[in-house]
Structures are given as structure tokens and as C-alpha cells.
2 protein chains.
Amino acid sequence: MSILRKISAQLETMAPADRQIGQFIIDNPDQMLRLSSAALAVETGRSQSSVVKFSQKLGYAGYQELKLAVSEAKAQEWQAPAGMIHGTIEVGDGYLTILQKLFSSKLQAMQQTISVNNESDIEKALEALHDARRIHLAGVGASSLVARDFSYKLMKLGRNVLHDSDSHVQMANASTLGPDDLLFALSYSGTSIETLRIAELASQRQATVIVVTGLQDNPLAHVADICLHTVGDEDRVRSSAITARDAQLMLTDLLFILLVQRQPDAYDYVHNSETAVSVLKAKRLS
Amino acid sequence: MSILRKISAQLETMAPADRQIGQFIIDNPDQMLRLSSAALAVETGRSQSSVVKFSQKLGYAGYQELKLAVSEAKAQEWQAPAGMIHGTIEVGDGYLTILQKLFSSKLQAMQQTISVNNESDIEKALEALHDARRIHLAGVGASSLVARDFSYKLMKLGRNVLHDSDSHVQMANASTLGPDDLLFALSYSGTSIETLRIAELASQRQATVIVVTGLQDNPLAHVADICLHTVGDEDRVRSSAITARDAQLMLTDLLFILLVQRQPDAYDYVHNSETAVSVLKAKRLS
DNA sequence: GCAAATTGGAATAAAAAATTCCAATTCCCG
DNA sequence: CGGGAATTGGAATTTTTTATTCCAATTTGC
């Protein structure tokens with residue numbers, strides 16, 4: 001149990017000096033860690049011996065041990081998921097609160113995305129990606145960046161990839177797909193008209209259609225041969241495609257790694273890619 | 001920067017007593033926090049004054065301040081959530097192992113990225129972004145997607161944003177920047193020639209230069225007015241810009257949220273954006 | 001080779017932590 | 001309600017810890 005929490009719980013039943021010292025520590029843990037027992041006494045208008053006695057009443061040998069416990073309590077607040085601040089980012093939130101809420105939202109989106117997809121669906125998608133002659137990536141808005149990121153990774157493996165940010169070109173590309181090909185379509189809402197039309201066309205042309213979309217029922221999911229789900233809570237982070245994007249990236253990154261594991265020469269391809277790019281890097285500082 | 005990391009980096013060039021004391025602290029940070037300077041001297045077979053001098057050579061007023069810094073470094077240290085498999089993805093890894101290692105690597109990259117940047121640097125970047133007349137985003141490869149993602153978000157707020165994936169166009173755009181403008185340059189290596197040249201030009205033209213780059217010393221960091229750092233371990237995830245990209249996104253997402261909090265009409269802009277896009281969404285299934 | 005700089009322990013001084021002493025206040029029981 | 005016991009908490013004192021000074025030995029640089 002965090003000492004800060006323990007002090008809070010006991011505050012009401014403490015004697016006056018103890019209450020004042022305890023309150024200061026709860027309100028200012030960072031500052032307390034920098035103060036000597038005498039300086040803390042000055043800050044609280046109490047005596048130096050009261051500070052030491054306060055520590056001992058809490059079960060510590062002295063002030064130094066109390067300091068250590070406060071330091072550990074602070075460390076746990078940041079790290080333990082249970083102690084992390086969850087919730088909607090709000091107008092009055094300070095820096096640390098925003099940071100923790102953002103981190104927590106990202107973590108949750110990725111974790112939930114993993115748990116709503118079972119291994120057999122991932123394996124099916126992997127199998128289809130592995131076997132596809134050509135892979136066409138489709139998505140608009142934030143999803144288009146995920147599609148592009150995934151297309152770069154697939155191209156790095158030497159795969160035959162079609163991707164263009166212009167939805168008309170995407171549509172034209174889809175009209176060339178056949179039964180040996182695959183469409184990988186991303187849309188969190190599942191209602192983007194361009195992505196939907198492209199998926200419908202690919203499906204008509206007997207290409208395999210993998211859809212990455214949100215959990216809600218939506219028209220894009222209905223076109224899918226294989227449907228992978230993402231979970232994001234955009235309301236938490238001001239509705240700007242942050243958690244939905246992170247959730248999609250979690251899936252595409254996982255598929256990429258699994259493909260790498262499946263392709264014997266994958267590491268060679270990746271290494272070749274790095275070597276090729278290195279001529280575009282400045283030489284090391286001497 | 002973590003004091004533990006700093007001590008590690010300097011160990012080789014330290015004199016014998018300092019090296020011994022430094023090594024003990026790196027190996028036993030928990031224990032060190034419980035020891036007086038005299039007790040630490042006994043543990044290392046050195047003198048008590050050497051312990052204090054060691055602290056002072058590192059830039060602290062004394063041993064107590066060093067202790068505080070070690071305590072903070074420990075708090076920010078990465079710790080895998082309980083039970084999670086952590087480590088390098090290897091050839092024989094199964095699905096679940098790969099999944100956990102990937103997830104853990106993402107968490108580590110994001111958390112470490114947060115801990116290596118202090119609040120005052122983030123606030124400086126925020127201030128500069130908030131005040132800039134025009135914001136130019138630069139980056140190539142994976143960084144170009146992060147740049148684009150951030151450009152979309154900034155444009156959603158009604159900001160005057162310059163972004164193009166073509167590095168020649170980026171360069172031409174940089175030639176129009178002035179003292180009221182800002183360049184936001186992303187490169188994990190800090191050695192991409194295009195990004196570097198663009199940053200140098202922006203700097204010459206007196207624009208504010210914010211650089212988002214890795215922790216290692218690099219030419220791009222030297223051009224920066226404000227430097228934000230990212231931590232990613234690409235070796236863990238087959239070296240394909242996964243964790244480096246996640247680290248960069250963590251920073252750009254944070255800056256975006258902080259900007260939203262600073263801009264009174266931000267929510268209106270975001271809402272207007274959603275309304276505008278809704279005409280490109282299929283109607284709900286009936 | 002020599003002077004200057006660095007290293008680092010012993011001794012000393014200063015600061016911080018802990019304990020003791022004791023007066024004032026509160027609590028509890030008869 | 002009164003008196004004794006227990007608690008509170010600051011001042012004074014003691015002990016421990018931290019920081020600085022002194023100085024000899026070693027290393028470095030010219």
C-alpha cells in the first residue's frame with residue numbers, strides 16, 4: 001500500500017501537528033523529497049522533532065525511511081496500470097494527467113484490439129496475405145496512413161503491393177484484381193464510401209477481402225472474407241483518430257512480424273532495404 | 001536523461017574510485033538508496049568523501065541530490081507489466097510469444113520516450129507550435145508518415161501547415177520560411193540527408209526548428225532550437241521502424257492534445273471536420 | 001624532468017536526524 | 001467533577017550523516 005494513500009486514510013484521526021505534516025506530504029510529495037526534516041518543519045510551522053516522530057508513528061525508523069517510502073509510492077503511481085489515471089482528457093487537466101490519460105488510452109486500445117481478435121482469424125489473415133499474388137491496400141483519412149505504413153513494410157519483403165492515396169486510383173487498381181489477389185481494407189467506422197466501394201469491387205472480382213474495422217456492425221464488415229476488429233475510444237482523446245490508428249497499427253505490425261517469421265528470406269530483404277537506404281544518410285560525425 | 005544511464009556512459013573514463021562507486025550504484029540502485037554515504041563507502045572499499053565528491057563531479061550539490069536523481073531514474077525505468085513476455089522476437093517464437101513481445105516493445109518505446117523528455121522541453125515545443133505562423137513538417141520514410149499524421153491533426157485545428165511527401169517540395173517550402181515560422185523535423189537516426197538539409201535551411205532562415213530524433217548524438221540534433229528525443233529498439237522487432245514510429249507518434253499525439261487544450265476553439269474545429277467528412281460516409285444500415 | 005593538475009583518504013566542520021526532557025493538554029475512570 | 005494517566009509536541013541535547021579542508025601521492029602535460 002502506498003504511503004501517500006495510507007497517510008490520506010489516517011489524516012482525520014491524527015493529532016494536529018501530524019495532520020499538518022501529513023497534509024503537506026500528500027500535497028507536495030516532490031517537494032518533501034527535497035527537504036530536510038528541519039526545512040519541512042519550517043514549511044509546516046511545526047517542530048523538527050515532530051517531523052521525525054510523525055515518521056516513527058507511521059512505522060518507519062525515521063525521516064529517511066519515510067522519504068524512501070514516499071519515493072517508492074510516487075514511482076508506483078506512474079508505473080502500475082492500476083494506479084494510472086484513466087479517463088477522458090478534460091479541459092482543466094495538467095500535463096502529467098494528460099500524459100497518463102493519453103498513455104492509458106493507447107495501451108487500452110491496443111490491449112483490447114488484441115483480445116477481440118482470436119488467433120484463428122489472425123492465422124487466416126496471415127495465410128491469405130502469405131499466399132496472395134498481389135496485395136492491394138485501401139483506406140482513407142487516418143486509415144490511409146496505416147495502409148501506407150503497411151504497404152511500405154510489405155514492399156520491404158519484396159511483396160507485390162498496390163497502394164495509392166488517391167481513392168480513384170485505388171478503385172482503378174481494384175478493377176485489376178483477381179482470385180489470386182487480396183484486398184486489405186482499413187476503416188475504423190466501416191462506412192467510408194471509397195473504401196466500401198473498393199471492397200465491393202474486389203469482392204466481385206473474387207479477390208480475398210480482409211477488413212480491419214471497428215467492433216460495431218457496419219457495411220464494410222459485411223463485404224469481408226476475413227474480418228479483424230479494432231477497439232479505440234476516440235472520445236477520450238478528442239476524437240482525432242489516435243487510438244483507432246494505434247489499434248490498427250497493432251494489427252498490421254503483428255501481421256507483418258508474423259509474415260517475416262513465415263518468409264525464410266525476409267531478414268535478407270529487410271537488411272537489403274537498410275543497406276539501400278544508407279546512401280541517403282549523412283556520414284557519422286567525426 | 002537518467003542518471004543511471006549517464007553514469008554508465010561515463011564509467012570508462014572515470015578514475016578508479018569513481019568507477020567503483022559508479023559501478024556499485026548501477027548494479028544496486030535500490031540498495032544505494034538505503035545507504036548513508038559512509039555505508040556506501042564501506043560497501044565499495046572507498047572513502048566517505050569520495051562518495052560525496054563523486055556526486056559533485058556528476059553535477060549535484062551532494063550525495064542527497066544524487067540519491068534523489070537515482071530515485072527518479074528508477075521510477076522512470078521500464079518495467080514490463082507482470083507476467084508479460086519481454087525480449088527480442090526470435091525465429092522459433094510462437095504466436096502468443098510474438099504478440100506479447102511486440103506489445104511489450106511498443107509499451108517500452110512509448111514509456112521511455114516520455115521519460116527521456118522533460119516537461120519544460122515539451123512546454124517549449126508547445127509554446128513554439130502554438131505561436132508559429134506557419135508550421136512545416138519534414139520527414140522521410142517512416143518518419144514521413146508521422147509527419148503527415150501530425151500535419152492532418154494540425155490542419156484540423158485550422159493551423160497553417162506545409163507538408164509534402166516529396167523532399168524536393170519540402171525543400172522548396174523551407175525556402176519560404178521566416179522568423180515567425182516553424183520547422184518540425186522528424187528523423188529517428190538524425191542522419192537522413194533530405195531532412196537534415198531542410199532543417200539547416202530553415203535554421204538559416206531564422207525559423208524555429210523543433211527536432212524529434214533518437215538519443216544518440218546526430219547532425220540533425222545539432223541544428224535544433226528545441227530537441228525532443230525518442231527511444232525505440234528496432235532490433236527487437238526486426239528493424240522495420242515499428243517502435244521508432246510509435247515513439248514519435250507518442251510525442252506528436254501528446255503535442256496535439258496539449259495544443260487542443262491551449263486553443264479555445266479547437267473542439268469546434270475538430271467537430272466541424274467530422275461533420276464535413278460525414279458526407280463521405282455510407283448511411284447507417286437500416 | 002619538473003611543474004601543474006588530479007586523485008582520494010584522513011581529519012575536521014557543518015548540517016541533519018534522532019532522542020531526551022518536560023510542560024501543557026486531553027482523556028478516562030472512579 | 002476531580003485527579004491521575006496518557007498523549008502531544010516543542011526546546012534542548014546528543015548522535016549520525018554529510019560536506020569541506022588539508023595534504024600526500026600519483027598522473028599528466030609541456
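Just so we're on the same page: letters track the sequence lines, and every chain starts at 1.
- For B/D253 and A/K106, the salt-bridge test passes: some basic side-chain N is under 4.0 Å from an acidic carboxylate O.
- Near DNA chain C, defined here as any heavy-atom distance below 4.0 Å, the residues from residues 28-65 of chain A are A/S36, A/S37, A/Q48, A/S49, A/V52, A/K53, A/Q56, A/G62, A/Y63, A/Q64, listed numerically.
- Between the side chain of B/T113 and the main chain of B/V231, a donor-acceptor pair closer than 3.5 Å is present.
- Within a heavy-atom distance below 4.0 Å of DNA chain C, no residue of residues 18-26 of chain B is found.
- The backbone N or O of B/L145 sits nowhere less than 3.5 Å from a side-chain atom of B/D149 that would complete a donor-acceptor pair.
- B/E65 and B/S55 share no side-chain donor-acceptor pair at under 3.5 Å.
- At least one donor-acceptor pair closer than 3.5 Å links the side chain of B/S105 to the backbone N or O of B/K101.
- B/E194 places no side-chain N or O within 3.5 Å of a backbone atom of B/V140 that could act as its donor or acceptor partner.
- D/dT27 atom C1' lies 18 Å from atom CE of B/M14, rounded to whole Å.
- The pair B/E43-B/R34 does not count as a salt bridge, with every side-chain nitrogen at least 4.0 angstrom from each carboxylate oxygen.
- Between the side chain of B/K67 and the main chain of B/S36, no donor-acceptor pair closer than 3.5 Å is present.
- In this structure, B/K124 does not pair ionically with B/E127, as no charged nitrogen and carboxylate oxygen lie closer than 4.0 Å.
- Protein chain A contacts DNA chain C over a range whose 5' and 3' limits, counting nucleotides with an atom under 4.0 angstrom from a non-hydrogen atom, are C/dA16 to C/dT20.
- A/S71 and B/S71 form a side-chain donor-acceptor contact under 3.5 Å, judged by distance and modelled atom types alone.
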